[in-house]
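See below for the structure under consideration.
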Amino acid sequence: MKTALWKNRFPPMKAGRDMTVSVAFDLKPYLDEKRALVDESLKVYIEQTTPGAGGRISEAMAYSLMAGGKRLRPILCLAACEAVGGNCRLALPAAGALEMIHTYSLVHDDLPAMDNDDMRRGRPTCHKAFDEATAVLAGDALLTSAFHILSKADTRLSPEVQMEVLGVVSRASGAMGMIEGQMRDILAEGHPLTLDALKALHALKTGALIGASVESGAVVGGASQHERHALLTYAEKIGLAFQVVDDILNVEGDPLVMGKGVGTDEALNKATYPALMGLEPSRRYAQTLTDEAISALFPFAEQAAPLEALAQYVLTRKR
Ligand code: GRG
């Protein structure tokens with residue numbers, strides 16, 4: 001992985017005249033360290049939330065959860081916590097819960113009633129490896145286990161902070177966020193969408209959970225309102241960039257690297273950024289969104305180096 005170069009910006013003056021002090025930030029060891037932390041916690045959370053359950057349901061949950069996802073949402077959560085000066089270990093329950101919710105959405109999205117996909121994270125989808133009923137239940141269990149983890153009393157955090165995180169995550173994953181986005185996506189099938197409608201759909205479908213990842217980390221880290229607002233702007237921009245890149249990868253990505261099929265959007269005649277704007281304008285748009293996300297990190301100086309590198313990662317990812 002390339003070394004991300006973080007620039008300590010002074011307030012922007014005129015274009016091309018911003019003073020910078022460069023600090024090298026190597027994202028790969030950071031990602032490796034945080035992924036290991038998240039994976040370790042997730043194994044514990046599955047065990048904690050499935051005692052008494054039959055082996056099949058915890059097996060199906062673990063099958064999808066431990067299948068090698070990028071862990072982008074939990075790592076954003078930990079990085080946001082650190083950007084505001086918090087201890088990222090305190091954000092691990094929120095980070096794990098967000099990955100469980102994300103994985104549930106993938107398991108359900110892959111079902112025949114939705115996208116009917118055979119491959120996910122480089123292996124057969126949950127309903128292919130088990131069966132449809134088990135996949136429905138495994139998704140349900142991942143979602144409810146996530147809230148179980150969030151609701152466990154944690155003496156290291158105040159009850160107010162825990163309640164705030166519960167509110168942030170439940171809003172983003174429910175009918176005010178991801179579910180409404182998915183509903184709009186389904187309703188849009190066979191209907192042309194305007195670019196604004198597409199952006200609004202994605203702000204809900206994928207943006208809401210990415211926003212909640214950053215926001216919950218910020219809350220655990222003790223962010224001020226000003227810091228929380230700046231981080232929400234960052235999250236909004238990278239959430240949209242994530243989706244634009246996802247659409248581009250669906251056109252020109254390598255299915256072997258991505259662990260899932262490509263060309264599916266065009267086959268289904270789906271509204272996507274490349275379809276509505278063209279491929280090259282979509283690339284430029286993703287770059288602009290990334291630049292805007294990074295600008296929003298200005299108040300955090302060096303502490304936001306991982307968030308800046310993560311924004312670049314979202315832009316340049318190949319899977
Ligand atoms: C509640 C059923 C339901 C769906 C919610 C998020 C979502 C809507 C559906 C997921 C399907 C999908 C392919 C969405 C497009 C963008 C996306 C979320 C891709 C997968 O996220 P990555 O790339 O995946 O972070 P990994 O596997 O790395 O975690």
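In listed order, ligands and their atoms are each counted from 1. Residue indices begin at 1 and follow the sequence shown. As a basis for the values below, the full set of heavy atoms in this structure was taken, side chains included, without hydrogen atoms, waters or symmetry mates.
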Side chain to side chain contact (heavy atoms under 4.5 Å, CB included) between I238 and L76, intermediate numbers included: CA-CA 11 Å; I238 62 157; L76 281 169; 3.8 Å; yes
Shared hydrophobic cluster, I75 / L42 (ILVMFWY, side-chain heavy atoms < 4.5 Å): no
Identity and distance of the protein heavy atom lying nearest atom 6 (C) of ligand 1: S105 OG, 3.5 Å
For H108, the ligand 1 atoms whose distance to one of its heavy atoms is below 4.0 Å: 2 (C)
K205 and ligand 1 - part of the residue with a heavy-atom distance under 4.0 Å: both
Test salt bridge (charged side-chain N to carboxylate O under 4.0 Å, His left out) applied to R156 and D154, step by step: CA-CA 5 Å; R156 302 166 305 170; D154 186 337; 2.9 Å; yes
Nearest neighbour in protein (non-hydrogen) for atom 10 (C) of ligand 1: L106 CD2, 3.6 Å
Salt bridge flag under 4.0 Å for residues K128 and D110: no
Lys/Arg-Asp/Glu bridge criterion (N-O < 4.0 Å) met for R56, E59: no
4.0 Å heavy-atom contact, I179 with ligand 1: yes
Y63 and F130 aromatic ring geometry - parallel, tilted or perpendicular at 30°/60° bounds: perpendicular
Salt bridge present between R184 and E180 (N-O < 4.0 angstrom): yes
Numbered atoms of ligand 1 (with element) below 4.0 Å of M178, judged on heavy atoms: 5 (C), 8 (C)
Close approach, R73 and ligand 1, non-hydrogen under 4.0 angstrom: yes
Close N or O approach (R121, ligand 1; < 3.5 Å): yes
Ligand 1 contacted by R71 (non-hydrogen, < 4.0 Å): no
Results of side chain to side chain donor-acceptor pair (under 3.5 Å) for S151 - residues two or more places apart only: none
Residues Y273, I248; criterion side chain to side chain contact (heavy atoms under 4.5 Å, CB included); working and verdict: CA-CA 8 Å; Y273 293 93; I248 295 171; over 6 Å; no
Taking atom 15 (C) of ligand 1 as the reference point, the nearest protein heavy atom with its distance: D246 OD2, 3.6 Å
Short N or O distance, K70 and ligand 1, threshold 3.5 Å exclusive: yes
Side chain, backbone, both or neither: the part of D109 lying under 4.0 Å from ligand 1 by heavy atom: both
Contacting atoms of ligand 1, where contact means under 4.0 angstrom from a heavy atom of Y104: 1 (C)
